[in-house]
Amino acid sequence: MTNEQLNSGNPKVDIEYRRKKNAEEMRYQVITFALMIFLTLVAFVAVGYEGFSASFAVPFILVLAFVQVAFQLYYFMHMSHKGHEAPALFLYSGVFVGFITVLAFMTVIWW
């Protein structure tokens, strides 16, 4: 939304709108924080439990780490908000280049 759309000319309405948006965003951050703590505890249990082999635990922990990175980007670093398309583009481009680099080195070493 543009500044003209957000600013109705009535300060009371604008303050209420901002309070509502801030409360909604804070709720998302608290829920995400709780989920990240839960995923961390699940990762510790996966490592500590004797029934899981390393061939299961390592990929499982990497998946949990990927989910936590996504939560971190979208909720704590506000990448889901409008206006963050350029930083998201650079971030994803860097991840892509890093992935290709690691893949290239692994291919050179393994073959």
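Taking the ring-ring contact (aromatic ring centres under 6.0 Å, His included) definition, one finds that Phe66 meets it with nothing, sequence neighbours left out. Considering only residues two or more places apart in sequence or on other chains, Tyr75 meets the side-chain contact (heavy atoms from CB on, under 4.5 Å) condition with Tyr28, Thr32, Phe71. Residues forming a ring-ring contact (aromatic ring centres under 6.0 Å, His included) with Phe52 (at least two apart in sequence, or on another chain): Tyr49, Phe56. For Ser53, the side-chain hydrogen bond (donor to acceptor under 3.5 Å, both in side chains) criterion is met by Ser55, not counting sequence neighbours. Every residue two or more places apart in sequence or in another chain that forms a side-chain hydrogen bond (donor to acceptor under 3.5 Å, both in side chains) with Glu25 is listed here: His78. Looking at residues two or more places apart in sequence or on another chain, you find a side-chain contact (heavy atoms from CB on, under 4.5 Å) between Val42 and Phe38, Phe60, Leu64. For Val30, the side-chain contact (heavy atoms from CB on, under 4.5 Å) partners two or more places apart in sequence, or in a different chain, are Met26.
The side-chain heavy atoms of Ile31 and Leu35, taken from C-beta on, include a pair separated by under 4.5 Å.
Residue pairs that meet the side chain to side chain donor-acceptor pair (under 3.5 Å) test with at least one member in residues 84-94, sequence neighbours left out, are Tyr74-Tyr92. The side chain to side chain donor-acceptor pair (under 3.5 Å) pairs that include a residue from residues 56-73 are Thr40-Gln68, where partners are two or more places apart or lie in different chains.
Crowding of Arg19 atom CZ: a count of heavy atoms from other residues, nucleotides or ligands under 6.0 Å not exceeding 12.
Listed here is the closest heavy atom pair of Ala57 and Ala46: CB-O, 4.1 Å. Residues Ala54 and Pro59 approach most closely at O-CD, 4.1 Å, considering heavy atoms.
Under a 4.5 Å side-chain heavy-atom criterion applied to ILVMFWY residues, the cluster that includes Ile61 comprises Val47 as well. Taking a 4.5 Å side-chain heavy-atom cut-off between Ile, Leu, Val, Met, Phe, Trp and Tyr, the cluster of Leu62 extends to Val58. The hydrophobic cluster containing Leu103 also includes Phe96, Phe99, Ile100, under a criterion of side-chain heavy atoms closer than 4.5 Å among ILVMFWY residues, counted directly or through chains of members.
Transitive grouping of hydrophobic side chains (ILVMFWY, heavy atoms separated by less than 4.5 Å) brings Met77 and Leu91 into a common cluster. Neither Val97 nor Met106 shares a network with the other; the hydrophobic side chains, linked directly or stepwise wherever heavy atoms of I, L, V, M, F, W or Y lie under 4.5 Å apart, form separate groups for each. Both Val67 and Ile37 sit in one connected hydrophobic cluster of ILVMFWY residues. Membership requires side-chain heavy atoms under 4.5 Å apart, directly or through other members.
How far CD of Glu24 is from NZ of Lys20: 8.0 Å, rounded to the nearest 0.5 Å.
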